[in-house]
Amino acid sequence: MDARKADRIATAVFWAIGIIALGILAFIVIEIFARGLITAVKPSFFAGKPQALKEGGGVGPMVVSTIYLVVLTMLISFPISVGAAIYLAEFAREGRFTRFIRFCLDSLGTVPSIVFAIFGMTLFLFYLNWRTCLLAGAITMALLNLPVFLRSAEEALRQVPLTYREASMSLGADRWTTVKKIVLPTAMPGIITGTILPLGRIMGESAVVIFTVGVFVRAIPLSPFDPAAPLAGYIWYVQSEAVVPDYRTIVNGGAAILLILLFLINFGTRRLSAYYSKKKSLGG
Amino acid sequence: MAREKYIKMLLMACASLSFLAILLIFLFIFQESLPAITRIGIPNLFSAAWNPDKGQYGMLAFLIGTLLSTLGGLLIGAPLGIGTAVFLDQVAPSRMANVIRRGVELLAGIPSVVIGWFGLIILVPFIARITGSAGYGIAAASVVLAVMVLPTITALGAETLRSLPPELKEASVAMGATRWQTIRKVLLPAGKEGILVAVVLGMGRAIGETMAVQMVVGNSSQLTLNPFQPTGTLTSNLVTNMGEAVGNFRAALFAQALVLLILSMILIVSIRFITRKKEA
Amino acid sequence: MDNDDNEHKLRVKNLNMYYGDFKALDDISLDFASRHITALIGPSGCGKSTLVRCLNRMNDLIDGSRVEGGITLDGENILGAGYDVISLRRRVGMVFQRPNPFPKSIYENVVYGPRLVGIKDKERLDSIVEDSLKKAALWDEVKKILNRSGQSLSGGQQQRLCIARVMAVQPEVILFDEPCSAIDPISTQKIEDLMAELKKNYTMVIVTHNMQQAARVSDYTAFMLVEEQGDPGKIVEFGDTNTMFTNPSDQRTENYITGRFG
């Protein structure tokens, strides 16, 4: 076969592959909305009370649980992950210790979420004698997210030109002041964009939720020590028990809500990131 | 300065948390599975018979289920992922590439229960219709896993290709090579290690994926090589049974979690091996 | 403080400098005259930037860097363990090769240094900004756009903003590390004029690979060289700029200045 013909065939194949990949996504998104959007936007569903046995239940407390868990996890995860990233990017000297830390991070990054779930259950429920609650899930999830969040934050910090650090230090700032006043604000848009993946993971994670947070609640959780039922775990629970007759409706509607939340996360973080870039260039 | 030292220690503590976490995970899982090793015994744990009511705790069926579904998922997902990465980096016009990049990011964020649910209500009935089986099994799990490893492999693969020095491509094109020749003879060989790492990390995701697999694999404990027969994986078995298990049963499940943990560590070590070979 | 220290703000004595196992500077001894401009010239890689970065200890930021010997500022050894590097850098300001304003407003760039020492009073900061920008000959161009990003300025303006940023800290010495290598000739001219003006009050050191620039702006010149690749940088000749350029005593200086190598 002559090279030009092979090239044309290969190009066609790559286009086909690209379109298949996009097609898979489009198929999933369209299926989710086609099956669940009408349910999802009904206030009696997204804000309604759940039913344990009868049909017609809503997912109000579950939506709140999801948001609560996302916020709580971020409150723990953000300072720790960014702090660790600052250590690795700004303070640590490359050497045996940092190589070891990176090895630990890589290892942590491949631990399956079900193992995190079982670990969280063992630690909080068996050893500390907690009941299932939001905080147990949030801490477990913060550990689960540490490697991926840290990597994106470190990447954002390393994008900040070295000359900014030099200028700041040459004006008599110490390292921490330089990080706080120059490096971190400059890296902020990148760090914020880097939260998209962790946020999506917290929202969609079900294994950890099932074993540490809970799968069903009637009331809206208030304290971090309250049991809760984030949507992803609840969906799984509803379809696996299939007690309520309209479980298909609930799962379809729940899936649509999760997808809407995912879009909101993507949109929101990008907006926030753009806001930070703008604020930065305007001074302040 | 004193303040700076204090802050540095605090930040170092944050980084050290990764060590503490992995250590604690190993310790807890190991300690909880210790009774399984001492009371049930290794031969029983790795036998083909899973029947907790009768004291049989063999995980072989699940282990094979995990390996087969991972293999199946990669067989579909890896070519698709690498192909998409090449398309993204080399072939697609930039607008198209951006759409795909965003799309892949979005796909990575779709909760696994949602993907599992579609496997359950669309894929399983579809397989049932064309094969005459119940539809559950390794085949369904493989397709679902292919969808789940696609974003990982695509993103890391595209990153590898992007980080190759542009001179490589220029040199090849300048010598009159076509795009396909450049991709096949220059870019893919140059990015071999990175792409291999992408596939191995995709493998890690496939081995560890729980919910989506649990929903389509059938959750039976029978040992089978038939992709259309219901079976189980380590993860699906854990999530199905961990809630109620006590005593030896629970310890046996922890032993399975330990096996999962060891499998993922093997992957990490092999990645180290791949990347070190490149540096040497 | 003896008389020599009075005349010489900064004195480098038998300085050796290493990056890990690599020796970058060998036995450098050099005195920088107060309120004069000293130029460091030499082919690239001769260690002139390394030397100037020893003077405010910016090399501390590089892993594995280490120095032997002595550097004194007003007679006080700045290399001693426990010496306050932060206050050293306030006294010895630096202008870098590429203009590097922070991604902040012009105003915020200038007040960065004063804020570090805790100056919060708005009026005082305002007057520092005006004063520093005037000293850097930038005030008239930017007085109406102080809230604009420093990075929106032209390259030459950015470099003068960086000079203003240094002025705001009220240093005694200013180090220029090839300050004009990345900007246009007109801006270069402005910065050279500015340096001549600042000479009344400040001790300055300029690293440059441009010999005309060294001849135009400096009072004293040191010529540095690396003999063989891998060797450390050394000072070949140091003296009055006029003499150096008209009648150098070392053949290698003569060769370099007349463009025979480097």
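The figures that follow rest on heavy atoms only: side chains count, while hydrogens, waters and symmetry mates do not. Here is the naming used below: chain letters follow the sequence lines, and residue numbers restart at 1 for every chain. Predicted model, so just to flag it, every value in this text is computed and none were measured.
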Original post:
Taking every heavy-atom pair that is under 4.5 Å apart, which of A:Leu259, A:Leu143, A:Ile32 has the most such pairs with chain B?
Top reply: A:Ile32
Original post:
Of the backbone (N, CA, C, O) and the side chain (C-beta and beyond), which part of A:Asn266 lies under 4.5 Å from a heavy atom of chain B, both, or neither?
Top reply: side chain
**OP:** Give, as side chain, backbone, both or neither, the part of A:Leu108 having an atom under 4.5 angstrom from any heavy atom of chain B.
**Re:** both
**OP:** Before accepting this row, confirm whether a basic side-chain N of the pair A:Arg102/A:Glu94 lies closer than 4.0 Å to the acidic partner's carboxylate O.
**Re:** yes
Original post:
Tell me, side chain or backbone of A:Phe103 under 4.5 Å from chain B's heavy atoms, or both, or neither?
Top reply: both
**OP:** Flag the one option from B:Arg102, B:Arg205, B:Arg184 with the top tally of heavy-atom pairs under 4.5 Å to chain A.
**Re:** B:Arg102
Subject >> Side-chain ion pair, B:Glu105 and B:Arg101, N-O less than 4.0 Å >> reply: no
Original post:
Given side chains that start at C-beta, do those of A:Ser77 and A:Phe149 come closer than 4.5 Å, heavy atoms only?
Top reply: yes
Original post:
Given side chains that start at C-beta, do those of A:Pro230 and A:Val213 come closer than 4.5 Å, heavy atoms only?
Top reply: yes
Subject >> chain A interface, residue from B:Leu10, B:Leu258, B:Thr235, B:Leu80 that has the most non-hydrogen pairs under 4.5 Å >> reply: B:Leu80
**OP:** Show the numbers, then the answer: is there a salt bridge (charged side-chain N to carboxylate O under 4.0 Å, His left out) between A:Asp106 and A:Arg151?
**Re:** CA-CA 10 Å; A:Asp106 286 348; A:Arg151 180 162 310 148; 3.1 Å; yes
Original post:
Counting heavy-atom pairs under 4.5 Å to chain A, which of B:Ala257, B:Gly204, B:Gly109, B:Gly243 comes out on top?
Top reply: B:Gly109
Original post:
Considering only heavy atoms, which portion of A:Ile114 lies under 4.5 Å from any heavy atom of chain B: side chain, backbone, both, or neither?
Top reply: both
**OP:** Would you mind telling me which of B:Glu32, B:Arg250, B:Gln31 has the largest number of heavy-atom pairs within less than 4.5 Å of chain A?
**Re:** B:Arg250
Subject >> Side chain B:Glu209, main chain B:Ala212, donor-acceptor under 3.5 Å >> reply: yes
Original post:
Between B:Ile7, B:Thr84, B:Val91, B:Val114, which has the largest tally of heavy atom pairs under 4.5 Å with chain A?
Top reply: B:Ile7
Subject >> Among the listed options A:Phe263, A:Tyr127, A:Phe100, the residue most often paired with chain B at heavy-atom distances under 4.5 Å >> reply: A:Tyr127
**OP:** Return yes if some donor-acceptor pair links the side-chain N/O of A:Ser206 with the main-chain N/O of A:Gly233 below 3.5 Å, else return no.
**Re:** no
